[in-house]
Amino acid sequence: MADTLVIFGASGDLTSRKLVPALYQLFRKGRLEKPIRVVGFSRSKFTHDEWRKKLRETTAKFAGESFDAKQWESFAEQIYYQAGDIGKTEDFVALRQFLETLEAGEPGQHLYYLATAPRFYEPAIARLGESGLADETHGPRRVIIEKPFGVDLESANALNQSIHKVFSEQQVYRIDHYLGKETVQNLLVLRFANTIFEPIWNRNYIDHVQITVAEEVDVGSRAGYYDTAGVLRDMFQNHLLQLLMVTAMEAPVRFEADAIRNEKVKVLQAIHPLEGEQVRKDTFRGQYRGYTAAEGVEPTSRTATFAAAKLSIDNWRWQGVPFYLRSGKAMSCRTTQIVIQFHAPPHKLFAGSPRGLGEANRLVIQVQPAEGIQLHFQTKVPDAGMKMRQTDLDFSYQKEFRGQMPEAYERLLLDALEGDASLFARADEVEAAWQICDPILQSWKSNDRPTLMMYDPGLWGPDECREWMLAQGREWFDTCPVLG
Ligand code: BG6
C-alpha cells in the first residue's frame with residue numbers, strides 16, 4: 001500500500017527547491033519504507049507530464065551530481081498533478097475523488113503538506129475537513145504546516161484552534177527546518193549520549209551561551225514579505241528559540257515525541273519574558289544600510305534586519321547564565337553557531353594565565369556551514385617558558401564522515417511519513433515561543449523602543465551591539481567558520 005503526499009502550493013518555490021528534491025533523495029537512497037505518490041495541488045493548470053517535466057529540471061538543478069536520470073524516471077512515474085483552488089470545497093471533493101482513483105481500492109496514508117502562503121493555511125484545513133480528507137477511517141491523515149505559524153500569539157492561537165477543529169494534535173506536524181539539520185540533532189547526541197558534557201552543562205561551569213544565526217545574504221527577492229515580518233518573526237520565534245531549547249533542555253525520559261517536546265516547552269516556560277524597560281536594556285535592533293532601497297520595502301521602513309536579545313532561563317540549571325541570541329541579514333558570513341562560554345579559571349596560577357573570558361574554555365557548535373564542534377583550551381607553547389596559547393580540538397563532519405550532508409527536509413519528510421513528531425513543534429511550544437516574542441514586538445512598536453541601529457552590510461551587525469556586549473564583560477564570538 002503506497003503513501004500519498006499531497007502538496008498544496010505545488011507551483012511554489014518551496015516545492016521545487018526543497019520538497020521534491022528531498023523526496024527524490026529519499027527515493028534514490030532507498031529510505032522510503034513504502035512506495036510514495038506525490039500529488040501537486042495549486043491553481044496553475046498543468047498536465048501530469050508538464051508538472052513532471054518542470055520538476056525534473058528543478059530537481060536536476062538542486063540535486064546536482066546526485067541526480068540520476070533513470071532513478072528520476074521511476075520516481076516521477078508516481079508524480080501527479082491536480083489543479084484546484086483552496087477556496088473551493090468542490091475542488092477538494094475532486095481531489096478526494098482523484099486520490100480514490102489513484103488508490104484503486106487500496107487506501108493508504110495521506111500526508112498533506114501546506115506549502116502555500118500562510119493566509120491559506122486556515123482555509124485549506126477547513127476544506128480538508130469539509131471534503132472528508134481528514135477522516136482516518138482508511139489510514140492515517142497527517143498535515144504538515146510550514147512556518148510562519150501566526151504573526152503573534154493571538155494569531156497562532158487562532159490557527160491552532162482552527163486546526164484542532166479538523167485534526168487532532170497527533171495529526172499535526174509544524175515544521176521548523178532547523179530541527180531537521182544533522183548538527184542540531186547531534187547536539188542532543190552530544191549532550192545525552194556522552195557523560196563528560198552533562199556534569200558541566202550548567203551555571204557552575206558556564207558563564208553564558210551565544211546563539212548566532214548570521215546570514216551573508218540580504219533580503220533579496222523576499223523583501224515584500226520580510227518588511228512585514230522582520231528578523232524577530234522570521235528567525236527568533238522559530239529557529240533561534242529551537243536552538244536555545246535543544247541547548248538548554250533537560251534529558252527527556254525517552255527519545256520520543258512528547259517526552260522531548262515536554263522538556264523543550266519547559267525551557268520556554270522558564271524564560272523570563274522581557275517587558276517594557278527590560279526590552280530596551282536587553283534587546284537590540286538593527287537595519288543594514290541600503291535595506292530600504294530594496295524593491296518591496298517601504299522607503300521609511302524601520303523593520304529590523306538584525307536583532308540581539310539577552311534571555312534568562314529561570315531554573316536550577318541556568319539561573320544567572322545569560323543566553324545571548326542574535327541573527328541578521330547582510331552580515332560578514334553565513335554561520336550558525338552555538339557558543340558555550342565557560343568560566344575563566346578561579347585562580348591564576350601562571351603568569352600568562354588567561355585574563356578574560358575570551359581566553360577561557362569554549363565549546364563551539366558549528367551548526368552550518370563547516371558542520372562540527374570545537375573545544376577551545378589553553379596549551380603551553382613549547383620552548384617559551386610558561387607562555388600559553390589557546391588551541392582547539394576540532395571535530396569536522398566533513399573530515400570524519402565525508403559525503404554530502406542531507407538536506408533538513410529529507411529527515412523531516414521521512415519522520416512525518418513514519419509518524420514521528422519528535423522534530424516538529426507542538427501547539428503549546430509554538431504558543432510559548434510567541435509568549436516570549438510578543439512583548440518584545442509590542443515594545444518595539446512603542447515610543448519607548450530601543451533605537452534602530454544602522455550597520456554596513458558585510459559586518460557583524462551594528463557596532464553598538466558589540467559595545468553592549470563588552471559593557472557586560474563579554475564578547476561576541478565573531479568568527480567565520482573555516483570550510484574544509
Ligand atoms: C527561513 C527564513 O526560515 O530560514 C529565511 O525565512 C532564512 O529568512 C532561512 O534565510 C535560513 O535558513 P538556513 O537553513 O539557510 O539557515
Side-chain angles (χ1 to χ4, degrees), residues 9 12-15 17-19 21-22 25 62 113-119 121 144-151 156 173-187 211-246 285-288 291 294 296-297 301 303-307 325-338 365-372 397 404-413 423-425 430 433-434 437 441 457 461 480-481 483:
D13 214 33
L14 182 72
T15 307
R17 285 178 76 89
K18 298 286 182 190
L19 304 182
Q25 294 295 2
F62 295 115
Y113 201 117
L114 302 189
T116 63
R119 66 178 187 284
Y121 294 167
I144 305 185
I145 303 171
E146 264 294 331
K147 74 165 268 264
F149 197 90
V151 293
Y173 290 68
R174 294 172 196 78
I175 216 162
D176 184 313
H177 76 281
Y178 265 59
L179 290 175
K181 294 184 191 280
E182 290 289 329
T183 38
V184 177
Q185 293 157 46
N186 188 47
L187 186 49
I211 301 178
T212 296
V213 182
E215 293 186 276
E216 199 174 354
V217 291
D218 59 20
V219 289
S221 58
R222 295 168 71 233
Y225 144 77
Y226 194 89
D227 205 37
T228 58
V231 64
L232 218 59
R233 289 193 177 94
D234 190 49
M235 299 297 290
F236 277 64
Q237 188 273 340
N238 33 67
H239 310 324
L240 276 103
L241 285 179
Q242 285 295 343
L243 295 177
L244 179 147
M245 284 186 262
V246 176
R285 5 180 252 138
Q287 188 186 80
Y288 66 82
Y291 168 71
V297 173
S301 171
T303 298
T305 61
F306 171 95
L325 273 51
R326 72 174 165 165
S327 180
K329 300 270 185 203
M331 292 182 62
S332 293
C333 55
R334 175 174 183 245
T335 179
T336 297
Q337 57 194 20
I338 301 169
I365 294 146
Q366 303 279 4
V367 175
Q368 65 181 20
E371 292 86 355
Y397 260 94
Q404 230 185 335
M405 291 288 260
E407 270 284 333
Y409 280 94
E410 291 177 36
R411 172 69 194 254
L412 295 173
L413 282 167
L423 300 175
F424 293 84
V430 173
W434 277 119
C437 292
L441 285 165
C480 292
L483 293 166

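Because the structure is a prediction, the values reported are computed rather than measured. We're numbering straight along the sequence, starting at 1. Each ligand, and each atom within it, is numbered from 1 in the order the structure gives.
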- Take the angle between the ring planes of F424 and Y173 and call it parallel below 30°, perpendicular above 60°, tilted in between. perpendicular
Do I144 and L413 come within less than 4.5 Å of each other through their side chains, counting heavy atoms only? yes
for atom 16 (O) of ligand 1, nearest protein heavy atom and its distance come out as Y178 OH, 2.4 Å
Taking only non-hydrogen atoms of K181 and a 4.0 Å limit, the atoms of ligand 1 in range are 13 (P), 14 (O), 16 (O)
Using a 4.5 Å cut-off on heavy atoms from C-beta on, say whether the side chain of T336 contacts that of L243. yes
If you scan protein heavy atoms around atom 4 (O) of ligand 1, the nearest is H239 NE2, 3.4 Å
Ligand 1 atoms nearer than 4.0 angstrom to some heavy atom of K329 are 5 (C), 7 (C), 8 (O), 10 (O)
Interatomic distance, CZ@F149 vs CD1@I175, rounded to 0.5 Å, equals 13.0 Å
Atom 5 (C) of ligand 1 sits nearest the protein heavy atom R222 NH1, 3.4 Å
In this structure, OH of Y409 is separated from CG of L19 (nearest 0.5 Å) by 6.5 Å
Closest to atom 6 (O) of ligand 1 among protein heavy atoms sits D234 OD1, 2.6 Å
Nearest heavy atom to atom 11 (C) of ligand 1, choosing from E215, E407, R334, belongs to E215
Under 4.0 Å from one or more heavy atoms of K147, ligand 1 contributes atoms 1 (C), 2 (C), 3 (O), 6 (O)
Closest non-hydrogen atoms of L232 and C437, given as atom of the first, atom of the second and distance, are CD2-O, 4.2 Å
Using salt bridge (charged side-chain N to carboxylate O under 4.0 Å, His left out), reason through K18 and D13 one step at a time and then give a plain yes or no.
CA-CA 8 Å; K18 298 286 182 190; D13 214 33; over 6 Å; no
(message) If we only consider heavy atoms of Y226, is any one of them less than 4.0 Å away from an atom in ligand 1?
(response) no
- Verify the distance criterion only: is there a donor paired with an acceptor across the side chains of E146 and Y121 at less than 3.5 Å? no
Can a non-hydrogen atom of T336 be found less than 4.0 Å from any atom of ligand 1?
no
Can you check whether H177 has an N/O within less than 3.5 Å of an N/O in ligand 1? yes
